[in-house]
There are 2 protein chains.
Amino acid sequence: MPLPSSDEAGTLLERFRRHLRERRLPVTRQRMAVAEEVFRSGDHPSVEDLEHRVRASGAQVGTATLYRTLEVLVQSGLVREHDFGEGFKRYEPMTASPAHDHLICERCGRVDEFANDRLERLLRLTADEHRFRYRRHRVDVHGVCTACRGRDLEPLGAGANLR
Amino acid sequence: MPLPSSDEAGTLLERFRRHLRERRLPVTRQRMAVAEEVFRSGDHPSVEDLEHRVRASGAQVGTATLYRTLEVLVQSGLVREHDFGEGFKRYEPMTASPAHDHLICERCGRVDEFANDRLERLLRLTADEHRFRYRRHRVDVHGVCTACRGRDLEPLGAGANLR
DNA sequence: TTACGTGCAAAGGCTTTGCAGTCGG
DNA sequence: CCGACTGCAAAGCCTTTGCACGTAA
């Protein structure tokens, strides 16, 4: 949720560059432009979001390259890929904040993060009980954020568009 | 996980018929054929799975109708829609077993179910703390089931295809 | 130099939609 | 009879891929 400090973004960018060098992969203008924009994000941008941001930053990057670069970023472990069930993916830089899960607002799409050790322990235990070797989990809590909840109570057409 | 008894399936089918009648929606051959097949499932079939099963049962149902019927079934509350991040959706009848989450095997796709009150309480509490009005959650635990784990230890090419 | 990256446009996988014909109530 | 449904094929949306050209090392 907090915007990564430009320091954090810089470090990640540096780590990405190292990652590429280590496997003798070219460090291209496009890859750096995409990485920079992802690392700069404080939210969970979609490919479309990133496409706009990268272009706004003045860089010239094709859609296919954007997808291909995101794949490399995810494999490098510096970026996390999410699927909140919206029909497209979202991406998040692996900044300081360690493992966490998400709260998603049903109305406005706002995403909050939370971390809870008990939750993870609970899930590991559950996997054990079912004789699964635990690998990872995905926890999304869907609800309505304060801002959107507030909107229900407003004068005009209150409660009309509850659905 | 357990196959619904034909009783449960029958009840759900009856409930679906009532649901349709209540909103003056036609009870068609196709809708019943699809519903029957979904309610009969003990697993979490995809649209493709259902298409095969419905055809195997002798019914004639177009793909578009299958999708449209699933939508009605989900809205009726008698069927649950899942997205395990595979690029397509899966469906599950709301049989006796109440709220539960899923354990998915990374290797073979097997899906186990589990229920845990503490988990739900934990997530509701988390929503509260973030001032979100809790609506629902989605918890998927990914791991490797016993059968697939066993395969790692087998003589031939052991550990080769770990990836 | 040379392997890998890039851009474009075409193709893919899943799902939705437009429309003419059909059918349940 | 009428409104809703059905099937087909076309279109949509996000993502991947083939290919000719470009570029980092």
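Below, chains carry the letters A, B, ... as their sequence lines are ordered, and counting in each starts from 1. Because only heavy atoms are used, hydrogens play no part in the values below, and waters and symmetry mates are left out as well, while side chains stay in. Fair warning: this is a prediction, and the values are worked out from it, not measured in the lab.
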- Message: Mind checking if B/Q60 touches a base, just sugar-phosphate, or nothing, with heavy atoms under 4.0 Å?
- Response: sugar-phosphate
For [X] and [N], what is the distance between atoms [atom1] and [atom2] respectively, to the nearest whole Å?
| X | N | atom1 | atom2 | result |
| --- | --- | --- | --- | --- |
| A/D83 | C/dC14 | CG | C1' | 13 Å |
| B/E51 | C/dG13 | CD | P | 15 Å |
| B/L25 | C/dC23 | CG | P | 19 Å |
| B/L73 | D/dC5 | CG | P | 13 Å |
| A/L70 | D/dC14 | CG | C1' | 13 Å |
| B/E86 | C/dT15 | CD | P | 11 Å |
| A/R21 | D/dA24 | CZ | C1' | 11 Å |
| A/H82 | D/dC14 | NE2 | P | 19 Å |

- Query: In terms of side-chain heavy atoms, does A/D101 have a donor or acceptor partner in A/H137 at a distance below 3.5 Å?
  - Reply: yes
- Query: How large an angle, rounded to 10°, do the end axes of the helix from C/dT1-D/dA25 to C/dG25-D/dC1 enclose when each is built from five base pairs?
  - Reply: 30°
Would a distance-only check, ignoring hydrogens and angles, find a side-chain to backbone donor-acceptor pair under 3.5 Å from [X] to [Y]?
| X | Y | answer |
| --- | --- | --- |
| B/R149 | A/R131 | yes |
| A/R138 | A/D83 | yes |
| A/R110 | A/C105 | no |

Please list, one pair per line, the donor and acceptor atoms closer than 3.5 Å that link side chains of residues 46-66 of chain B to other protein atoms, with sequence neighbours excluded.
{"from": "B/S46", "atom 1": "OG", "to": "B/E48", "atom 2": "N", "distance (Å)": "3.4"}
{"from": "B/S46", "atom 1": "OG", "to": "B/D49", "atom 2": "N", "distance (Å)": "3.1"}
{"from": "B/S46", "atom 1": "OG", "to": "B/D49", "atom 2": "OD1", "distance (Å)": "3.4"}
{"from": "B/S46", "atom 1": "OG", "to": "B/D49", "atom 2": "OD2", "distance (Å)": "3.1"}
{"from": "B/D49", "atom 1": "OD2", "to": "B/S46", "atom 2": "N", "distance (Å)": "2.9"}
{"from": "B/E51", "atom 1": "OE2", "to": "B/R55", "atom 2": "NH2", "distance (Å)": "3.3"}
{"from": "B/E51", "atom 1": "OE2", "to": "B/T63", "atom 2": "OG1", "distance (Å)": "2.5"}
{"from": "B/R53", "atom 1": "NH1", "to": "B/D43", "atom 2": "OD1", "distance (Å)": "3.2"}
{"from": "B/R53", "atom 1": "NH2", "to": "B/D43", "atom 2": "OD2", "distance (Å)": "2.7"}
{"from": "B/R55", "atom 1": "NH2", "to": "B/V61", "atom 2": "O", "distance (Å)": "3.2"}
{"from": "B/S57", "atom 1": "OG", "to": "B/V54", "atom 2": "O", "distance (Å)": "2.6"}

- Item | Given DNA chain C, 5'-ward residue of the pair A/T28 and B/V27, judged by closest heavy atom | A/T28
- Query: So, do A/L119 and B/T126 sit near enough that their side-chain heavy atoms are less than 4.5 Å apart?
  - Reply: no
- Message: Below 30° counts as parallel, above 60° as perpendicular, anything between as tilted: where do the rings of A/H130 and A/F132 land?
- Response: perpendicular
- Query: Are A/E120 and A/R124 close enough for a salt bridge, meaning some N to O gap below 4.0 Å?
  - Reply: yes
- Item | Salt-bridge criterion met for A/E71 and A/R68 (N-O under 4.0 Å) | no
- List the protein contact pattern of nucleotides 15-23 of chain D with one symbol per nucleotide (5' to 3'): B for base contact, S for sugar-phosphate-only contact, - for none; contact means a heavy-atom distance under 4.0 Å. BBBB-----
- Give a yes/no answer on whether the side chain of A/T65 brings an N or O atom under 4.0 Å of OP1 or OP2 in C/dG7. yes
